[in-house]
Amino acid sequence: MNIETLITRSEAETETLGRRLASQLPRGTVVSLRGNLGAGKTVFARGFARGLGITETVSSPTYTIVQEYDLPESGRLYHLDLYRISGVAAALDFGVDEFLGDKKSIALVEWPERIESLIPEDAVSVEIRHLGENEREIYVRRP
């Protein structure tokens with residue numbers, strides 16, 4: 001397992017980190033994105049989308065649960081926010097397994113602890129910790 005710890009000192013740095021990580025991942029990857037409310041998950045997700053070549057506006061899917069973005073050549077980025085999901089059964093009811101199992105796409109999952117048993121063992125894990133007004137500590141774990 002490869003673990004990387006980074007400190008970002010601005011939204012731009014957090015976004016750049018997301019962009020860099022996305023550009024390194026193959027299709028079929030699931031990324032679990034952890035962090036408290038306001039930690040910077042949406043900023044990271046915006047950079048992540050840019051790293052996949054997505055140019056449209058990226059917003060938090062808190063109320064819609066999932067935002068889908070077409071990738072430039074084929075496949076999609078599924079940006080899931082499971083904050084409002086009560087657990088595995090509710091997630092399966094809306095088809096989360098299809099998003100996680102799409103080998104032509106990438107799934108970025110906020111609040112993955114809501115469906116921990118469904119997250120693949122080979123998922124990339126990103127955890128963002130708020131250290132100060134603009135400072136974040138970001139852990140990236142790759143299998």
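Only this structure's heavy atoms are used, side chains among them; waters, hydrogens and symmetry mates stay out.
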Checklist line | Taking every non-hydrogen atom, the tightest pair across G40 and T14 | finding: O-CG2, 4.1 Å

Margin query: Can you tell me how far apart CD1 (I7) and CD (E13) are? Round to the nearest 0.5 Å.
Written below: 10.0 Å

Notebook entry, point to check: Heavy-atom count around E127 CD within 6.0 Å, excluding the residue itself: above 12?
Noted result: yes

Note to self: With rounding to the nearest 0.5 angstrom, report the CZ to CG distance, F48 to L21.
What the structure shows: 5.5 Å

Margin query: For a 4.5 angstrom cut-off between non-hydrogen side-chain atoms, does L108 reach Y78?
Written below: no

Next item on the list: Please test L92 against D97 for side chain to side chain contact (heavy atoms under 4.5 Å, CB included), starting from the C-alpha separation and ending with a verdict.
Entry: CA-CA 6 Å; L92 289 171; D97 50 331; 3.9 Å; yes

Margin query: Is there a side-chain contact between E15 and F44 in this structure, where contact means two heavy atoms from C-beta onward sitting under 4.5 Å apart?
Written below: no

Next item on the list: Indicate yes or no: at least one non-hydrogen side-chain atom of L82 is less than 4.5 angstrom from one of F94.
Entry: yes

Next item on the list: Write down the atom of A91, the atom of I115, and the distance for their closest heavy-atom approach.
Entry: CB-CG2, 3.4 Å

Check: Quick one: CG on L71 to OG on S105, what's the gap to the nearest 0.5 Å?
Finding: 6.0 Å

Next item on the list: Check whether any side-chain heavy atom of L37 sits under 4.5 Å from a side-chain heavy atom of W111, and report yes or no.
Entry: yes

Checklist line | Taking every non-hydrogen atom, the tightest pair across A49 and V58 | finding: CB-CG2, 3.5 Å

Checklist line | Where S125 and R34 come nearest, the two heavy atoms and their spacing | finding: OG-NE, 4.2 Å

Margin query: Are F99 and L25 connected into the same hydrophobic cluster when the rule is that any two of I, L, V, M, F, W, Y join if their side-chain heavy atoms are below 4.5 Å apart?
Written below: no

Next item on the list: Assess the side chains of Q67 and R76: does a donor N or O sit below 3.5 Å from an acceptor N or O?
Entry: no

Margin query: Take a 6.0 Å sphere around CD of E68 and say whether it holds more than 12 heavy atoms from other residues, nucleotides or ligands.
Written below: yes

Checklist line | Flag if over 12 foreign heavy atoms under 6.0 Å of CD, Q24 | finding: yes

Note to self: Please check this pair: side chain of H79 against backbone of D81, looking for a donor-acceptor N/O pair closer than 3.5 Å.
What the structure shows: no

Check: What about Y83 and L33, same hydrophobic cluster or not, with Ile/Leu/Val/Met/Phe/Trp/Tyr joined at side-chain heavy-atom distances under 4.5 Å?
Finding: no

Note to self: Can you confirm whether R20 sits close enough to L6 that some side-chain heavy atom of one is under 4.5 Å from a side-chain heavy atom of the other?
What the structure shows: yes

Check: Around atom CD of E133, are there more than 12 heavy atoms of other residues, nucleotides or ligands at under 6.0 Å?
Finding: no

Next item on the list: Write down the atom of G53, the atom of P72, and the distance for their closest heavy-atom approach.
Entry: O-CG, 3.7 Å

Notebook entry, point to check: Given the rule in the side chain to side chain contact (heavy atoms under 4.5 Å, CB included) test, do S74 and R27 qualify, once you have shown the distances and angles that lead to the verdict?
Noted result: CA-CA 10 Å; S74 68; R27 303 290 168 90; 3.8 Å; yes

Checklist line | Atom pair CG (L52) and CD1 (I106), whose distance is rounded to the nearest 0.5 Å | finding: 4.5 Å

Note to self: Are the side chains of R129 and R136 in contact, using a 4.5 Å heavy-atom criterion?
What the structure shows: no

Checklist line | A12 backbone acceptor or donor facing T16 side chain under 3.5 Å | finding: yes

Notebook entry, point to check: Nearest 0.5 Å, what's the CD1-CD distance between I128 and E110?
Noted result: 8.0 Å

Item checked: Within-4.5 Å side-chain heavy-atom neighbours: V96 and L80 -> yes

Notebook entry, point to check: Does one hydrophobic cluster hold both I54 and V66, with members joined at side-chain heavy-atom distances below 4.5 Å?
Noted result: no

Notebook entry, point to check: What do the steps show when you test V109 against L100 for side chain to side chain contact (heavy atoms under 4.5 Å, CB included), and what is the final call?
Noted result: CA-CA 9 Å; V109 183; L100 300 179; 3.8 Å; yes

Note to self: Once rounded to the nearest 0.5 Å, what's the spacing between atom CG of N2 and atom CZ of R141?
What the structure shows: 11.0 Å

Note to self: When you compare the side chain of V31 with that of T29, does any pair of heavy atoms fall below 4.5 Å?
What the structure shows: yes

